[in-house]
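Reading through the structure tokens given below for one structure.
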Amino acid sequence: DLYSNENKDLPEELTEKYTLTRVLGRGACGEVRLAFAKGSCEKFACKIVSKKKFSVGGNTPISMASQVMGEVKILKALKHPCIIKIEEVIDTKDVLYIVLELVDGGELFDRVVSVNQFSEPVAKLLFYQMVSAIKYLHDQNITHRDLKPENILLCGENNETLVKVTDFGLSKFVDGGSLMKTFCGTPTYLAPEILVTAGSGTYTKAIDNWSLGVILFILLSGYPPFSDERKDMDLPKQIMGGHYDFPKKYWDNISEQAIDLIKKLMTTDPKKRITINDAIQHPWFKDDEMKTKANKLMYPQADGMVPPILVWLLYTLLTNEFYCSEKIAE
Ligand SMILES: COc1ccc(CNC(=O)c2ccc3nccnc3c2)cc1
């Protein structure tokens, strides 16, 4: 078939279980292909990550592979409704194949482009799920390091849908330290401290919070806070100096609280930047209607459940009732 030749140079371990077909997305360190499980025909996404051949920072390829597998083991253990599930990982000499649950709605990046910007209630519902996912990662002492709309997936075609964060934690292990990856893309979402220290700074969780701020800015306005179109100042300088603003033309009907949260996330000094725990407590999220919707999306099985106390009460009443009627009959 069309793909058989491409499936030829894939490892037997993979092709005996999956048929890989079209490309779904391309990242800096590989591509994502649509995969069908043989037999069940269940759909998956297979991320194909090429490992750098040379060893960086003294870790020989072997140790890198074991590091990668160690990292993957941690990621496989993660369990959160807004964090993508890893089905399995097939590690070969040069390439890593990560079989992931397939997310039908595609990337947030494409959705933002198509809707231009989200209404504030929709942006809040989507962003609250992202913050919940990153809080879960940070609580496990995992830093995502590469948060951007391309790594945020949407489960449904409508905008009020479940969000899945993907592509976390791996970057620092697969391409031999994310330094190269960090400086090969446009730094749109990159925290200033990474640019200020030219990458020699310590990667802390705070870098994720900065990236979340940039994402929220884009969700609400439809355009990025920093851009290389500016003539007077180049992109790194705009980021390091925190030179962004909220022109009335785009921000006039956005709430003060949303803008306040963006400012707290996009604080250039990482020590002064809001933490994820404080972000999830921010007044902008004090919105029961949004929280109810978010919880229904994240924990659908909880919805419509009869509270256990009621089940017990019903059971007791029924068994007593039955018991009594038997006694009366006697
Ligand atoms: C034919 O079935 C399909 C249905 C929906 C889509 C849209 N999804 C995607 O394009 C997509 C992209 C990257 C991903 N990364 C990890 C997990 N899932 C992903 C899904 C792609 C294929």
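Here the structure is a predicted model, which means the values were calculated and not measured. The figures here come from the full heavy-atom set of this structure, side chains too, leaving out hydrogens, waters and symmetry mates. Remember, it's 1-based here, ligands and their atoms both numbered in the order they're listed.
Of the protein's heavy atoms, L24 CD2, 3.3 Å lies nearest to atom 21 (C) of ligand 1. Protein heavy atom closest to atom 5 (C) of ligand 1, with residue, atom name and distance, is D104 O, 3.1 Å. Of all protein heavy atoms, the one closest to atom 3 (C) of ligand 1 is L102 CD2, 3.8 Å. When hydrogens are left out, the protein atom nearest atom 1 (C) of ligand 1 is L34 CD2, 3.5 Å; that is the closest non-hydrogen contact.
Near R22, with a cut-off below 4.0 Å to any heavy atom, the atoms of ligand 1 are 1 (C), 21 (C), 22 (C). Close contacts between ligand 1 and I84 involve ligand atoms 16 (C), 17 (C) [criterion: under 4.0 Å to a heavy atom]. When each atom of ligand 1 is checked for a heavy atom of E101 under 4.0 Å away, the hits are 17 (C), 18 (N). With ligand atoms numbered from 1 in the order given, ligand 1 contributes 14 (C), 15 (N), 16 (C), 17 (C), 18 (N), 19 (C) to contacts under 4.0 Å with heavy atoms of L153.
Within the 3.5 Å criterion, the main-chain N or O of E229 finds a donor-acceptor partner in the side chain of K231.
Counting heavy atoms of neighbouring residues, nucleotides and ligands inside a 6.0 Å radius, atom NZ of K237 does not exceed 12 of them. Heavy atoms from other residues, nucleotides or ligands lying under 6.0 Å from CD of E16 number more than 12. Within 6.0 Å of the OH atom in Y250, the count of heavy atoms belonging to other residues, nucleotides or ligands does not exceed 12.
Where the criterion is an N or O separation shorter than 3.5 Å, residue side chain and backbone included, V103 meets it with respect to ligand 1.
Screening T143, N141, D139 for a side chain to side chain donor-acceptor pair (under 3.5 Å) with K205, the sole residue that qualifies is N141. For the side chain to side chain donor-acceptor pair (under 3.5 Å) test with D208, the passing option among K135, R145, H144, H138 is H138; the others fail.
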Before you tell me yes or no, could you show the steps for W284 and L216 under side-chain contact (heavy atoms from CB on, under 4.5 Å), namely the whole-Å CA-CA distance, both residues' side-chain angles and the distance that decides it to 0.1 Å?
CA-CA 12 Å; W284 191 51; L216 181 55; 3.6 Å; yes
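Here the shortest heavy-atom distance to atom 9 (C) of ligand 1, taken over G25, A35, A45, G106, belongs to G106.
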